[in-house]
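None of these values were measured; they are calculated from a predicted model.
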Amino acid sequence: MALDGPAERRDELVQVEMGNGNGVAPPQPLRPAGRPAAATAPYLDRRLRLNPNAEHKPQDYSDVRGEYAPVVYSALERHLPPSLLDADRDVKLHFMRDILARYWPQGERNKVQRHKEYRQRILHLYKPLHEELYNMHPSEFFLPTFLEAVRSNSEESFRSFMTEPIPGVYTFAMLQPTFCEMLLEEVENFEKWVHAMKFKIMRPNTMNKYGAVLDDFGLEAMLNQFMEQFVAPISRVFYPEVGGGTLDSHHAFVVEYGKDRDVELGFHVDDSEVTLNVCLGKQFSGGELYFRGIRCENHVNSETQHEEMYDYTHIPGQAVLHRGRHRHGARAISSGLRINLLLWCRSSVFREMKKYQKDFPTWCGECQREKRGRQSQCVKATKMTFASFG
């Protein structure tokens, strides 16, 4: 699907402890120019449903063009207020666009437009090295064990080839060596072309000074299929509480670590609901990925508990899947060159629903500890009350 909307902004990591958290700015309500106010005005005070209406069949939005893909509207429609479910499609569409526009304030529109022009110029001039990479070929891209499990599409089949070293982090063999080699060669070819053209390359985020955004030079459509067909089924099973079942956009890039590249990556969280991290190669030592617990926005700098600590050593072709809010970083590489494919998967529905959440997020380790602490204090207070009457 086209990513001409919010997912095309210059994506940023939210760095922990450093104080320069720079994720998505709090959105401001915005009605795009030319949008009929009358179509949505009666519903502006209506909130989306926290839980989707499973019995409602969304209308077809496949003919809708614009900032978001049709699947976004189909997913969001199930969350509409009951009074809107039977409204005309145009009314529902206007309402949903107003909701989604909050994630694309006017200040971002110029950035998006410049990035769109940048991408179009690349696509017009750049000649791919490996044309076969630009269309999905599952048997050539993925290992047979991974494909078989995804086709079975069950928790049992996923767990049969995955390991879960700590809760919420899954590791598994995923990519064919030939795919890794071709993608490495394609990225290297693109970077040489950029240098020869004296063309400024946009880096993946604010913390990585090396690497490239794969969507920028034509791999967007293939990687969207990558997410929808091979990451979303797994996320739907293991991460439903953070939007794993409603992933509708992505940001895909490679990062490079080495002596003359980025050496390490600070402690941070990703601007994603679910992150896929796959090592492509090459020869290297060091550069382990370390995890330090899942946190909501209110507890991103809270203390790490011993049971939340986990260090992972990269293996070419092997993937790590985790929540975007799982705090992590990369240790310094000691030799060689390590290149990884990152796929940040996002859910616009989940991001809207978070605004209405009143209780503790079930996925935040610190929220759950605070909840258990309050329950413990309540039990103690109750016992003391009964004891005083004894």
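- Between Tyr210 and Tyr257, a ring centre-to-centre spacing not shorter than 6.0 Å is recorded.
- The aromatic rings of Tyr61 and Tyr73 are tilted relative to each other, their planes meeting at an angle between 30° and 60°.
- Considering only residues two or more places apart in sequence or on other chains, Glu186 meets the salt bridge (Lys or Arg N to Asp or Glu O under 4.0 Å) condition with none of them.
- For the pair His79 (side chain) and Glu77 (backbone), a donor-acceptor distance under 3.5 Å is absent.
- Taking the side chain as every heavy atom from C-beta outward, Leu223 and Met136 never approach each other to under 4.5 Å.
- Taking the side-chain contact (heavy atoms from CB on, under 4.5 Å) definition, one finds that Ser157 meets it with Ala149, Ser152, Ser154, sequence neighbours left out.
- Judged purely by atom type and a 3.5 angstrom limit, Ser334 uses its side chain to pair as donor or acceptor with the backbone of Ser285.
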Could you walk me through whether Phe230 and Phe141 pass the ring pair (Phe, Tyr, Trp, His ring centres under 6.0 Å) test, one step at a time? CA-CA 11 Å; Phe230 302 100; Phe141 292 0; 9.0 Å; no
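- Note on Leu219: it clusters hydrophobically with Val231, by side-chain heavy-atom contacts below 4.5 Å among ILVMFWY residues.
- In this structure, Glu164 contributes its side chain and Gly168 its backbone to a donor-acceptor pair below 3.5 Å.
- Under a hydrophobic-cluster definition in which Ile, Leu, Val, Met, Phe, Trp and Tyr are linked whenever side-chain heavy atoms come within less than 4.5 Å, directly or via other members, Ile166 and Met309 are assigned to different clusters.
- Ring pair Tyr290/Tyr312: centre-to-centre distance not below 6.0 Å.
- Criterion: ILVMFWY side-chain heavy atoms under 4.5 Å apart, direct or through other members. Under it, Leu184 and Phe142 are part of a common hydrophobic cluster.
- For Cys180, the side-chain contact (heavy atoms from CB on, under 4.5 Å) partners two or more places apart in sequence, or in a different chain, are Leu175, Leu280.
- Residues passing the side chain to side chain donor-acceptor pair (under 3.5 Å) test with His314 are Arg338, Asn340, sequence neighbours excluded.
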Before giving the answer on side-chain contact (heavy atoms from CB on, under 4.5 Å), spell out for Val274 and Leu321 the whole-Å C-alpha distance, their side-chain angles and the decisive distance to 0.1 Å. CA-CA 7 Å; Val274 177; Leu321 192 69; 3.7 Å; yes
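- Legend: residues meeting side-chain contact (heavy atoms from CB on, under 4.5 Å) with Arg49, ordered by chain and number and at least two apart, are Asn53, Pro82.
- A donor-acceptor contact shorter than 3.5 Å is absent between the side chain of His328 and the backbone of Val269.
- Using a 3.5 Å distance cut-off with no hydrogens or angles, the side chains of His299 and Glu370 do pair a donor with an acceptor.
- With Glu308 contributing its side chain and Gln305 its backbone, the two residues share a donor-acceptor pair below 3.5 Å.
- Although no hydrogens or angles enter the test, the distance criterion places no donor-acceptor pair under 3.5 Å between the side chain of Ser74 and the main chain of Pro58.
- Glu132 and His137 form no side-chain donor-acceptor contact under 3.5 Å, judged by distance and modelled atom types alone.
- Judged as a side-chain contact (heavy atoms from CB on, under 4.5 Å), and not counting sequence neighbours, the contacts of Glu288 are Thr313, Arg331.
- Using a 4.0 Å cut-off between charged nitrogen and carboxylate oxygen, Glu117 and Arg121 do not count as a salt-bridge pair.
- Of the possible polar contacts, none joining the Arg327 side chain to the Phe267 backbone as a donor-acceptor pair under 3.5 Å is found.
- A donor-acceptor pair under 3.5 Å links the side-chain atoms of Arg78 to the main chain of Ala54, judged by distance alone.
- Salt-bridge formation is detected for the pair Glu366/Arg369: a Lys NZ or Arg NE/NH1/NH2 atom is positioned less than 4.0 Å from an Asp or Glu carboxylate oxygen.
- No donor-acceptor pair under 3.5 Å is formed between the side chain of Tyr170 and the backbone N or O of Ile234.
- Residues Arg292 and Asp311 are paired through a salt bridge, judged by an N-O separation under 4.0 Å between the basic side chain and the carboxylate.
- Linking Ile, Leu, Val, Met, Phe, Trp and Tyr residues whenever their side-chain heavy atoms come within less than 4.5 Å leaves Val169 and Val237 in two separate clusters.
- Between Phe253 and Trp344, the ring centre distance stays below 6.0 Å.
- Hydrophobic clustering (ILVMFWY, side-chain heavy atoms < 4.5 Å, transitive): Leu129 and Met182 are in distinct clusters.
- Listed for the Arg295 side chain is no donor-acceptor partner under 3.5 Å among the backbone atoms of Arg325.
- Between Arg89 and Asp63, at least one side-chain N (NZ, or NE/NH1/NH2) sits under 4.0 Å from a carboxylate O, which counts as a salt bridge.
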